[in-house]
Amino acid sequence: METYGSTRYRTRYCGDLGVADIGTEVKVAGWTDVIRSHGNLVFIDLRDRSGVIQLRLDAKEAPQFLEMADTARRGWVLNAHGTVIARPEGMVNPKLATGGVEINVQDFVILGQSEPYPFPLSSAAEIDESLRLRYRYLDLRRPALQQNLIRRHHMTQAARAFLDRVGFIEVETPFLIGTTPEGARDFLVPSRMQRGSCYALPQSPQLMKQMLMVAGFDRYYQFARCMRDEDLRADRQPEFTQIDLEMSYVGLDDIIPIGEGVVAEIAKVARGIELPLPFPRMSWLQAMENYGTDKPDLRVSLAIHGVPPEFTETVPITKDLGPGVSARYLPVPAAFGSLSRSAADRLVENAGKESGCKVSWLKLTAEGASGPLGKSLVAPLREHMLASLGEDRGEAVVFVAAGKNWVSAAKCLGSLRGVIAEQCGAVDRNALKFLWVTEFPLLEWDEEQDCWVPAHHPFTSPLEEDLPLLESAPARVRSTAYDMVLNGTELSSGSIRIHDREVQKRVFGVLGIGEEEARAKFGFLLEALSYGAPPHGGMAIGYDRLVMLLLGAASLREVIAFPKTSSGKDLMFGAPSPPNKQQLSDLGLKWISDAPKPVL
RNA sequence: GGGGACGUAGUUCAGUUUGGUUAGAACGCCGGCCUGUCACGUCGGAGGUCGCGGGUUCGAACCCCGUCGUCCCCGCCA
């Protein structure tokens, strides 16, 4: 290794030293890990971000430092100067990268002392997360977390290098923007200079990147921070990072390889693997029909099938569901793990409760059928089910769901599919199954608000061939939206955008956004589209999530330096906190909540 | 907004089912000894508002009510 990192305190990093360095004089600096004192011979494990090296302090050779070494404690900051020597015969530690050598210390200085750690940094023991978050700087000193962030850095560099190579320009966009009526709740920032008005933090740079396309940047990307004021999960933080990108003069087949390329470069660095390209593609319809979700986990081979319409009424659970009733079934071969009667009953009960569908099951063998639905199973349907199972069916359990429409039945079995795979241990934790889901519906019917809402966002272009249906049959209009899915997680979504002012107006129309409202909310967009907008499209890749999945982390908090708790608090900085009186009066705000009072 | 789990030395936990003497263990911490350790060893020591508040009881870590915190899930997140 070069002398990178060489400073007045250090010539080398601890973890980089090896047998090649024997005989050289080095200076290292870092934190003490374990100190093992034998009275007249002291060993100190010194750690920096690169790893650990053993310091050796011998009473015979450097008696003046022995006393100092004796006062040192774990976590203190040391600066040591000495010679790299080979360890004696039989004293090599194969568990340590630097285990063949040690530094015979000739000189050493205590640069800083430390309180005893509030929790062990070395141990693999699981420490209460609130404690870790409160002392995040110590938590981040632990090798596991530090490696996560270092690997994330390399992944980021790989993505940047790739995007640069294929002509993307990195542009930063503002945090203080106006609120746009998108899906999530906005974080608001009250303005001092414009009293009574607020900025909103971006939920994504969506409109800004479209403006950059109108401006002619042609290919833009950014590691964009996004903020959404919604409830959190293990894979959801209030602020997160997207690899946001947008391209001009493109169709789907121009964008998708870029998305695949970025992810492949990142995976190469993260795991040293070559992802097989291109990723498989599947229409939304296929995904829903076969997997009961728009983000199927292809690590699991189970697929959902439709009960042919002519047999639907022979399945007892379809009764009383009215017109449009649809039944679907999920065959689970015995090879997948044998399910007991009670286990099947339990699965069915939960699935029914959550979905509002009628669910039941039967056991299917080459000879016959048993279980709750076994008796009523008509022969042709039985043949149909057996055919869908393939050869190694064994004692297959078949779950059947009936819903008011095929989508609800499919969704019900889709979640059941996930639960069963999990329970049977049929999910290969190391596998990476990417795919694209395309041709999403453009619109969804919102029961609560009694109106059409965009399935993706209101700037998503409909598929050209479905454009004539926009006003007459909105439900049937497919969009150019596409999602990248990894192991059942939505990693990215994107679309070709509307670049035609008239089409945009029509979509707003179907969404119930009148001319005036459109002008008020998106005036600048419509205006921009009237100045020669190129056909454009792009995507945003959920970067924290991608890093988490590629590194095998259990939570986003393991790949983010300073994450928040599930209730949105930062336990180290103590944010959020009540504003003080001066801040409120500057902003022209009055505190009406009776919750935490403003600081005086 | 709803459901679930957890909360006891600095840390990780046991003890709570069935209320009963002085709340234990391991690691860590402090002090002594030790020239080949690397989970060092060894001898000794300190360390507790059982999350908080209230209730039941002769008596509460343990039972009840409330509350706070962390985590997971549903709703929500285009």
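The figures that follow rest on heavy atoms only: side chains count, while hydrogens, waters and symmetry mates do not. Reminder, nothing fancy here: chain letters follow the sequence lines and each chain counts from 1. Being a predicted model, the structure only gives us computed values, none of them experimental.
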message: Between rU21(B) and rG59(B), how far apart are the two C1' atoms, rounded to whole Å?
response: 12 Å
task: State whether Arg73(A) places a side-chain N or O below 4.0 Å from either non-bridging phosphate oxygen (OP1 or OP2) of rG28(B).
output: no
field: Complementary nucleotide for rU22(B) - Watson-Crick or wobble, under 3.5 Å
entry: none
query: Which part of the nucleic acid, if any, lies within reach of Lys60(A) when heavy atoms closer than 4.0 Å are counted: base, sugar-phosphate only, or nothing?
result: base
message: For Ala287(A) versus Val437(A), what's the shortest heavy-atom pair and its separation?
response: CB-CG1, 4.4 Å
message: As a test of reading the structure: which of rU35(B), rC71(B), rA78(B) is closest to the side chain of His38(A), going by heavy atoms?
response: rU35(B)
hbond_proxy Arg236(A) side chain to rC77(B) base (donor-acceptor, 3.5 Å cutoff): yes
task: Look through every strand shown and name the nucleotide pairing with rG53(B) as Watson-Crick or G-U wobble, where both distances are under 3.5 Å.
output: rC65(B)
Distance in angstrom units between Ile53(A) CD1 and rU37(B) P, rounded: 17 Å
- request: For Asp58(A), answer base if it contacts any base atom (sugar-phosphate contacts may also be present), sugar-phosphate if it contacts only those atoms, and nothing otherwise; contact means non-hydrogen atoms under 4.0 Å.
  value: base
task: Tell me the partner of rA60(B), counting only Watson-Crick (N1-N3 plus N6-O4 or O6-N4) or G-U wobble (N1-O2 and O6-N3) with both under 3.5 Å; none if nothing fits.
output: none
- prompt: Taking atom P in both rG55(B) and rC73(B), what distance in whole Å separates the two?
  reply: 38 Å
- prompt: Glu115(A) near the nucleic acid: base, sugar-phosphate alone, or nothing, with a heavy-atom cut-off under 4.0 Å?
  reply: nothing
- request: In whole angstrom, give the distance that lies between atom CD of Glu230(A) and atom P of rG1(B).
  value: 13 Å
- request: Would you kindly compare Asp231(A) and Ala554(A) by the position of their nearest RNA chain B nucleotide and give the one closer to the 5′ end?
  value: Ala554(A)
- prompt: Does the side chain of Ser566(A) get closer than 4.0 angstrom to OP1 or OP2 of rU70(B) through an N or O atom?
  reply: no
Base of rG69(B) paired with side chain of Arg134(A) (donor-acceptor, under 3.5 Å): no
field: Whole-Å gap separating C1' (rC77(B)) and CG (Asp446(A))
entry: 14 Å
- prompt: On a whole-Å scale, what distance lies between the C1' atoms belonging to rU8(B) and rG51(B)?
  reply: 10 Å
message: Show me the pairs that pass salt bridge (charged side-chain N to carboxylate O under 4.0 Å, His left out) and involve residues 52-66 of chain A, at least two apart or across chains.
response: Arg56(A)-Asp58(A), Arg56(A)-Glu61(A), Arg56(A)-Glu102(A)
- prompt: Between rC71(B) atom P and Leu556(A) atom CG, what is the distance in whole Å?
  reply: 13 Å
- prompt: Which value, in whole Å, describes the distance between the C1' atoms of nucleotides rG48(B) and rG10(B)?
  reply: 12 Å
- prompt: By ring pair (Phe, Tyr, Trp, His ring centres under 6.0 Å), which residues pair with Trp452(A), not counting sequence neighbours?
  reply: Trp445(A)
query: Does a donor on one side chain sit under 3.5 Å from an acceptor on the other, for Gln222(A) and Thr173(A)?
result: yes
task: Answer yes or no: side-chain N or O of Ser37(A) and base N or O of rC34(B) forming a donor-acceptor pair under 3.5 Å.
output: yes
task: Consider the side chain of His457(A), meaning its heavy atoms from C-beta on, and name the nucleotide among rU37(B), rA78(B), rC71(B) that approaches it most closely.
output: rA78(B)
- prompt: OP1 or OP2 of rU70(B) sitting under 4.0 Å from any side-chain N/O of Thr565(A)?
  reply: yes
message: Between C1' on rA39(B) and NZ on Lys95(A), what's the gap in Å once rounded to a whole number?
response: 7 Å
field: Side-chain N,O (Arg36(A)) to OP1/OP2 (rU35(B)) below 4.0 Å
entry: no
Side-chain donor-acceptor contact under 3.5 Å, Ser408(A) with Asn405(A): yes
query: Which pairs pass salt bridge (charged side-chain N to carboxylate O under 4.0 Å, His left out) with one or both residues in residues 453-463 of chain A, sequence neighbours excluded?
result: none
query: What is the distance, rounded to the nearest whole Å, between atom CD of Gln237(A) and atom P of rU70(B)?
result: 12 Å
query: Can you tell me how far P in rU16(B) sits from the matching atom in rA61(B), rounded to whole Å?
result: 14 Å
query: Nearest nucleotide by nearest heavy atom, which residue falls closer to the 5' end of RNA chain B, Ile35(A) or Gly39(A)?
result: Gly39(A)
Residue Leu571(A), side-chain heavy atoms: nucleotide from rC38(B), rU35(B), rU70(B) that is nearest: rU70(B)
query: Atom CG of Leu525(A) and atom P of rA78(B): how far apart are they, to the nearest Å?
result: 18 Å
message: When both hydrogen-bonding distances must be under 3.5 Å and the geometry is Watson-Crick or G-U wobble, what is rC38(B) paired with, if anything?
response: none
- prompt: The side chain of Arg74(A) lies closest to which of these nucleotides: rC29(B), rA78(B), rU35(B)?
  reply: rC29(B)
- request: Return the set of residues passing salt bridge (Lys or Arg N to Asp or Glu O under 4.0 Å) with Arg134(A) (not counting sequence neighbours), or none when no residue passes.
  value: none
- prompt: Counting side-chain heavy atoms from C-beta on, which of rU37(B), rU35(B), rC72(B) comes nearest to Ala234(A)?
  reply: rC72(B)
query: Does anything in residues 37-50 of chain A pair up under salt bridge (charged side-chain N to carboxylate O under 4.0 Å, His left out), and if so which pairs, sequence neighbours excluded?
result: Asp33(A)-Arg47(A), Arg36(A)-Asp45(A)
query: Is the shortest distance from a Lys or Arg side-chain nitrogen in Arg429(A) or Glu422(A) to a carboxylate oxygen in the other one below 4.0 Å?
result: yes
query: Which base sits across from rG28(B) as a Watson-Crick or G-U pair, both distances under 3.5 Å?
result: none
message: I'd like the C1' distance from rC38(B) over to rC43(B), given in whole Å.
response: 22 Å
field: Presence of Asn93(A) side-chain N/O under 4.0 Å of rC38(B) phosphate oxygens OP1/OP2
entry: no
message: Check this for me, if you would: do Arg225(A) and Glu239(A) make a salt bridge, where the nitrogen-to-carboxylate-oxygen distance has to be below 4.0 angstrom?
response: yes
field: Minimum-distance nucleotide to Arg228(A) side chain [options: rC38(B), rA78(B), rC71(B)]
entry: rA78(B)
Whole-Å P distance, rA23(B) and rC50(B): 11 Å
message: I want to check one thing: is the phosphate of rC71(B), taken as OP1 and OP2, less than 4.0 Å away from some side-chain N or O of Arg233(A)?
response: no
Could you run down the sub-3.5 Å N/O contacts of the protein with nucleotides 7-16 of chain B?
unit_1, atom_1, unit_2, atom_2, d
rG10(B), O2', Pro118(A), O, 2.6
rU12(B), OP1, Asp128(A), N, 2.7

- request: Write down the distance between CG (Leu57(A)) and P (rU35(B)), rounded to a whole number of angstrom.
  value: 14 Å
- prompt: So what's rA78(B) paired with, Watson-Crick or G-U wobble, going by both distances under 3.5 Å?
  reply: none
query: If the C1' atom of rC64(B) is compared with that of rU56(B), how far apart are they to the nearest Å?
result: 7 Å
Tyr199(A) atom OH: more than 12 heavy-atom contacts under 6.0 Å: no
- request: Would you tell me if any nitrogen or oxygen in the side chain of Lys569(A) comes within less than 4.0 Å of OP1 or OP2 on rG69(B)?
  value: yes
